[in-house]
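In this text, all values refer to a predicted model and were calculated from it rather than measured experimentally.
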Amino acid sequence: LLLNRNECNQVTVMSERVQRSVAATSTGEATPRSREKLIAGSIGGLITAFVITPFDVVKIRLQAQRNPFKPGQQFIYHDGILDHLCTCVGNHCPKNTSCKINIRKLVWYSRPSQFNGTADAFRKIVRNEGFTSLWSGLYPTIIISLPTVALYYTVYEVVRDALGFQTRPDSVLIPAVSAASARTLASSLFCPVEVLRTKMQSERLPASRLYSCVAEHVRLNGLSSLFLGLKASLLRDVPFSIIYWMLTEKTRAYLHRKYSLSNSSVATNVAAASFAGLCAASVTLPFDVVKTQTQMQLGAKNFSGTKAVPVSEALFNIWLKDGTRGLFAGFTPRLMRVVPACAIMLTSYEVGKSILAQ
């Protein structure tokens with residue numbers, strides 16, 4: 001009997017599902033649940049922070065050595081997952097004081113140093129301050145970054161699978177929509193937390209004052225002030241996520257067809273994430289420059305009684321002042337940070353998810 005077009009399509013879809021089910025069974029891969037995805041995301045974020053944070057700590061120490069931070073001055077701290085605005089609350093070693101004795105009592109970014117480059121900074125920090133000093137400042141930020149990245153990865157996969165990506169692996173739209181949804185949700189939920197963390201750190205408020213800090217901030221500045229800077233973040237992070245996941249899925253599919261590599265293999269994820277991260281970071285760099293400037297401007301006013309400059313206006317101002325070169329400032333350092341972080345995060349997540357699903 002001849003089958004009509006609709007029946008042929010149904011047979012094709014059912015055939016693809018059976019093939020995928022057989023392939024998953026033959027490779028021993030199990031389907032992870034949302035809880036396992038959240039745990040895998042947290043583990044991946046922790047590993048990424050552990051590897052990437054020391055490089056940012058050294059970078060900040062080298063910056064502080066050239067131009068010592070003043071109390072109240074703000075700087076960007078990257079924990080391998082997110083950018084965090086931090087406020088200098090300490091100063092350098094007082095005069096007539098033995099810094100060798102009191103160096104551990106000083107705030108980490110204000111400790112005296114005589115570094116001759118990155119390698120020398122790593123060596124002297126470990127020798128003079130201890131190995132754990134390479135992760136200075138991580139604790140206050142990681143408690144925000146880990147839930148954010150875990151939610152982001154989990155929501156991406158839940159939305160992607162709900163849209164039928166398993167039966168339409170060549171779709172470009174599905175990864176794009178899933179990435180935009182996941183990034184928007186994760187950034188929107190944790191933006192107020194980051195604003196309050198920055199405010200409490202700059203004012204040196206204890207954790208017990210959290211409720212009163214929230215109430216006073218909302219009373220004086222309105223509820224919308226908790227989301228200041230969110231637009232600039234989304235205009236950088238959503239396009240980055242869309243490009244990143246579109247290229248990641250395409251690269252993984254290509255490597256599977258070409259070399260029969262599974263999505264959970266280390267080689268697949270390192271290659272896919274590195275390539276996708278490189279492309280996404282390059283394209284969205286102008287928005288990263290604007291996001292950093294917006295973050296610094298809002299932080300300087302303690303997120304109070306101020307509105308962020310529109311992104312289009314900020315881009316235009318940068319272009320007028322420094323030209324195209326200004327829009328792509330920090331190109332090499334951003335790639336050196338983003339590409340390894342993407343590779344480590346995706347690989348750790350996929351491997352962890354695969355192990356937890358067994």
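The hydrophobic clustering, which links ILVMFWY residues whose side-chain heavy atoms are closer than 4.5 Å, places Ile39 and Val351 apart. Criterion: ILVMFWY side-chain heavy atoms under 4.5 Å apart, direct or through other members. Under it, Leu38 and Val158 are not part of a common hydrophobic cluster. Linking Ile, Leu, Val, Met, Phe, Trp and Tyr residues whenever their side-chain heavy atoms come within less than 4.5 Å places Ile81 and Phe75 in a single cluster. Taking hydrophobic clusters as Ile, Leu, Val, Met, Phe, Trp and Tyr residues chained together by side-chain heavy-atom distances below 4.5 Å, Tyr156 shares a cluster with Leu146. One hydrophobic cluster, built from ILVMFWY side chains closer than 4.5 Å, cannot hold both Tyr211 and Leu226; they sit in different ones.
Going from atom CG of Leu278 over to atom CZ of Arg334 covers 11.0 Å, rounded to the nearest 0.5 Å. Rounding to the nearest 0.5 Å places CG of Leu185 at 11.0 Å from OG1 of Thr154. Here the CZ-CH2 distance, from Phe50 to Trp135, works out to 4.0 Å after rounding to the nearest 0.5 Å. Within the model, atoms CD of Glu157 and CZ of Arg160 stand 4.5 Å from one another, a figure rounded to the nearest 0.5 Å. Here the straight-line distance linking atom OG of Ser133 with atom CZ of Arg61 works out to 7.5 Å at 0.5 Å rounding. To the nearest 0.5 angstrom, Lys250 atom NZ is 13.0 Å from Leu255 atom CG.
Salt-bridge annotation for Lys353 and Glu36: absent, with no side-chain N of the basic residue lying under 4.0 Å from a carboxylate O of the acidic one. With respect to Arg325 and Asp322, no salt bridge is recorded, no charged nitrogen being found less than 4.0 Å from a carboxylate O. One finds no salt bridge joining Asp120 and Arg127 here, because no Lys/Arg side-chain nitrogen approaches an Asp/Glu carboxylate oxygen to under 4.0 Å.
His256 and Thr268 are not linked by any side-chain donor-acceptor pair at a separation below 3.5 angstrom, with hydrogens and angles left out of the test. A donor-acceptor contact closer than 3.5 angstrom links the side chains of Asn269 and Arg252. For the residue pair Glu350 and Ser264, no side-chain donor N or O sits within less than 3.5 Å of a side-chain acceptor on the partner. Checked by atom type, the side-chain pair Asp56/His78 shows no donor-acceptor distance below 3.5 Å.
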Exercise. Are Thr53 and Asp79 close enough, and set up right, to give a side-chain hydrogen bond (donor to acceptor under 3.5 Å, both in side chains), and what steps lead you there?
Worked result: CA-CA 5 Å; Thr53 297; Asp79 59 11; 5.8 Å; no
For this session: Before giving the answer on side-chain contact (heavy atoms from CB on, under 4.5 Å), spell out for Arg236 and Asp83 the whole-Å C-alpha distance, their side-chain angles and the decisive distance to 0.1 Å.
Result: CA-CA 12 Å; Arg236 180 197 68 171; Asp83 296 326; 3.0 Å; yes
Problem set entry | Stepwise ring-ring contact (aromatic ring centres under 6.0 Å, His included) check, Trp245 with Phe240 | CA-CA 9 Å; Trp245 282 111; Phe240 178 95; over 10 Å; no
Exercise. Can Leu346 and Tyr153 be said to form a side-chain contact (heavy atoms from CB on, under 4.5 Å), step by step?
Worked result: CA-CA 9 Å; Leu346 183 62; Tyr153 269 72; 4.0 Å; yes
For this session: Under the side-chain contact (heavy atoms from CB on, under 4.5 Å) rule, what do Val289 and Leu327 come out as? Steps first, then yes or no, please.
Result: CA-CA 7 Å; Val289 174; Leu327 293 174; 6.0 Å; no
Problem set entry | side-chain contact (heavy atoms from CB on, under 4.5 Å) assessment of Leu151 paired with Leu189 | CA-CA 10 Å; Leu151 179 66; Leu189 286 178; 3.6 Å; yes
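Counting all heavy atoms, side chain and backbone alike, Ile142 lies closest to Ala49 at CD1-CB, 3.5 Å. Across all non-hydrogen atoms, the minimal contact from Trp108 to Ser136 is CG-CB, 3.3 Å. Taking all atoms of both residues into account, the shortest heavy-atom contact from Pro206 to Met200 is O-CE, 3.1 Å. A pairwise comparison of heavy atoms in Gly277 and Cys342 identifies CA-SG, 4.0 Å as the closest pair. When all heavy atoms of Cys279 and Ile243 are compared, the closest pair comes out as C-CG2, 4.5 Å. Taking each heavy atom of Ser241 and Tyr152 in turn, the nearest pair found is OG-OH, 3.0 Å.
Between Cys191 and Ser233, the closest side-chain pair of non-hydrogen atoms is not below 4.5 Å. Using a 4.5 Å cut-off on side-chain heavy atoms (C-beta onward), Phe275 and Leu247 make contact. Contact of the Cys88 side chain with the Val107 side chain is not registered, since no non-hydrogen atoms from C-beta on lie closer than 4.5 Å. In this structure, Pro54 and Phe131 have side chains that are not in contact, with every pair of non-hydrogen atoms separated by 4.5 Å or more. A 4.5 Å side-chain heavy-atom check between Leu163 and Ser178 finds at least one atom pair inside the cut-off. You'll find the side chain of Ser145 stays beyond 4.5 Å of the side chain of Val149, heavy atoms only. Looking at heavy atoms from C-beta onward, Thr332 lies in side-chain contact with Met336 at the 4.5 angstrom threshold. Side-chain contact check for Tyr109 versus Val57: every heavy-atom pair is 4.5 Å or farther apart.
Counted within 6.0 Å of NZ on Lys231, heavy atoms from surrounding residues, nucleotides or ligands total 12 or fewer; the atom is thus considered open.
In this structure, Phe122 and Phe55 have perpendicular ring planes: the angle between them is above 60°, well past the 30° mark.
Between the side chain of Ser265 and the backbone N or O of Ser262, at least one donor-acceptor pair lies under 3.5 Å. Side-chain atoms of Gln73 come within 3.5 Å of backbone N or O of Lys70 as a donor-acceptor pair. Of the possible donor and acceptor atoms, one in the side chain of Ser225 sits under 3.5 Å from a partner among the backbone N and O of Gly222. Within the 3.5 Å criterion, the main-chain N or O of Gln114 finds a donor-acceptor partner in the side chain of Lys124. Side-chain N or O atoms of Ser171 include one that pairs as donor or acceptor with a backbone N or O of Ile174 at under 3.5 Å. Put simply, the side chain of Ser212 gets close to the backbone of Arg209: a donor and an acceptor are under 3.5 Å apart.
Under the salt bridge (Lys or Arg N to Asp or Glu O under 4.0 Å) rule, Asp161 has a single partner from Lys37, Arg33, Arg168, which is Lys37.
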